[in-house]
Asks: 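Please see the structure below; I have some questions.
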Amino acid sequence: MKSTMHKLREWVKLSAIGLLGAIGAAPGLAGAYENAAQVDAFIAEMTREHGFAEAPLRQLFAGAERKQPILDAISRPAERVKPWKEYRPIFITDARVAQGVEFWNRHAETLARAEREYGVPAQVIVAIIGVETFFGRHTGNWRVLDALATLGFDYPPRADFFRKELREYLLLTREQQVDPLTLSGSYAGAMGLPQFMPSSFRAYAVDFDKDGRIDIWNNPVDAIGSVASYFQRHGWVAGDPVVTRARIEGTRFADGLTQGLEPVKSVGDLRQLGWTPLDTVDDNYAVTAFRLEGAQGDEFWMGLPNFYVITRYNRSVMYAMAVHQLSTALLTQRQEP
């Protein structure tokens, strides 16, 4: 059997651009993507447009596995969308707040530096990692290559998206000089503490500890900096509020509800429709106006520009509210004597 070092040398030699990794076929691999026509086309694209050598890519896909459980999971009919009164208790718990404060205390210096450099509050960064992976407890155990190959080649409804992410993943592993068979993530290919897709990793992840590589799987410092980088690049405004609750009156308030997430109406527009923010906010703010089914009845909210930034991380009003309210709970808990 060839030594790992020999295989690494062989991979570097075969790849015109130095994609590292010992990728010979290992016992038990299904070989579902070896010599498949659509994989051949993908390999041709990677060699033609991105300078990869063909032989190492063929070896790589010979070692990739088609995962039926992934196809089952993504094809499963969507569960009933939980109302806010059921969704909120999943993420705003004593345990998650306590673990979040512990994470914050353990990485206080890093979080303070991220806040200084990117303008994103420490509690928001911690809340994102808390909601996404419970501070690293649930990062996913699927090989990213298997997940993206399975969905890119065997899930037609979103095959284009996942093949794009597979392309980004191969570029990522080449740039970071890591074996593409070793990185793990969710069944959809989201990776590390912040659950970045490969395209987000390449666009926003940062080497926050300056050790020469970006590791969002095992290095909380890089994960923290990467979340802050993502938020800054999507327009987070330091010091600005996130949401304000609103009081509604009259018969036209429903006309103010935002369809989708994109802010369309301003606070001033909403005032004309019977919305009154309970906090002082600029009438010129473009906001996302929404209603949540809370434990005590309907709640009406205006999501300000920073709220919209959170929805860029995950396109869901309830997700953004969970992040915001967890961040508020973390700050309150940490400040208590």
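Positions are given from 1 along the sequence.
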Asks: Going through the checks in order, is the salt bridge (charged side-chain N to carboxylate O under 4.0 Å, His left out) test met by E54 and R58?
Replies: CA-CA 6 Å; E54 179 180 347; R58 291 200 175 280; 2.7 Å; yes
Asks: Where do T139 and G136 come nearest, in terms of heavy atoms and distance?
Replies: CG2-O, 3.7 Å
Asks: Taking the six-membered ring for Trp and the full ring for Phe, Tyr or His, determine whether the centres of Y230 and Y118 are under 6.0 Å apart.
Replies: no
Asks: Kindly determine whether D160 and R163 satisfy salt bridge (charged side-chain N to carboxylate O under 4.0 Å, His left out), including the steps that lead there.
Replies: CA-CA 5 Å; D160 289 346; R163 279 199 299 272; 2.7 Å; yes
Asks: Check whether E115 reaches the backbone of A122 with its side chain - one donor and one acceptor, N or O, closer than 3.5 Å.
Replies: yes
Asks: Pair E175, R202 - check salt bridge (charged side-chain N to carboxylate O under 4.0 Å, His left out), show working.
Replies: CA-CA 9 Å; E175 292 161 356; R202 293 190 68 229; 2.5 Å; yes
Asks: Between Y204 (side chain) and F231 (backbone), is there a donor-acceptor pair under 3.5 Å?
Replies: no
Asks: A cation-pi test, strictly: NZ or CZ of R158 under 6.0 Å from the centre of the six-membered ring of Y155 and no more than 45 degrees from its axis. Yes or no?
Replies: no
Asks: Is it the case that atom CG in D72 sees more than 12 heavy atoms from other parts of the structure closer than 6.0 Å?
Replies: yes
Asks: Just by distance, no angles: are the side chains of W104 and E102 close enough, under 3.5 Å, to form a donor-acceptor pair?
Replies: no
Asks: Would you kindly confirm whether V309 and I128 end up in one hydrophobic cluster when ILVMFWY residues are joined by side chain heavy atoms under 4.5 Å apart?
Replies: yes
Asks: Can you see whether R213 engages N219 through a side-chain donor-acceptor pair at a distance of less than 3.5 angstrom?
Replies: no
Asks: Apply side chain to side chain donor-acceptor pair (under 3.5 Å) to Y33 and D40, showing your working.
Replies: CA-CA 9 Å; Y33 299 114; D40 288 345; over 6 Å; no
Asks: How about F135 and F103: are their ring centres within less than 6.0 Å of each other?
Replies: yes
Asks: Just by distance, no angles: are the side chains of Y313 and Q195 close enough, under 3.5 Å, to form a donor-acceptor pair?
Replies: no
Asks: Would you call the rings of F300 and W275 parallel, tilted or perpendicular, where under 30° means parallel and over 60° means perpendicular?
Replies: perpendicular
Asks: Hey, does D154 have a side-chain heavy atom less than 4.5 Å from the side chain of L71?
Replies: yes
Asks: Any sub-3.5 Å donor-acceptor pair from Q38's side-chain atoms to F153's backbone N or O?
Replies: yes
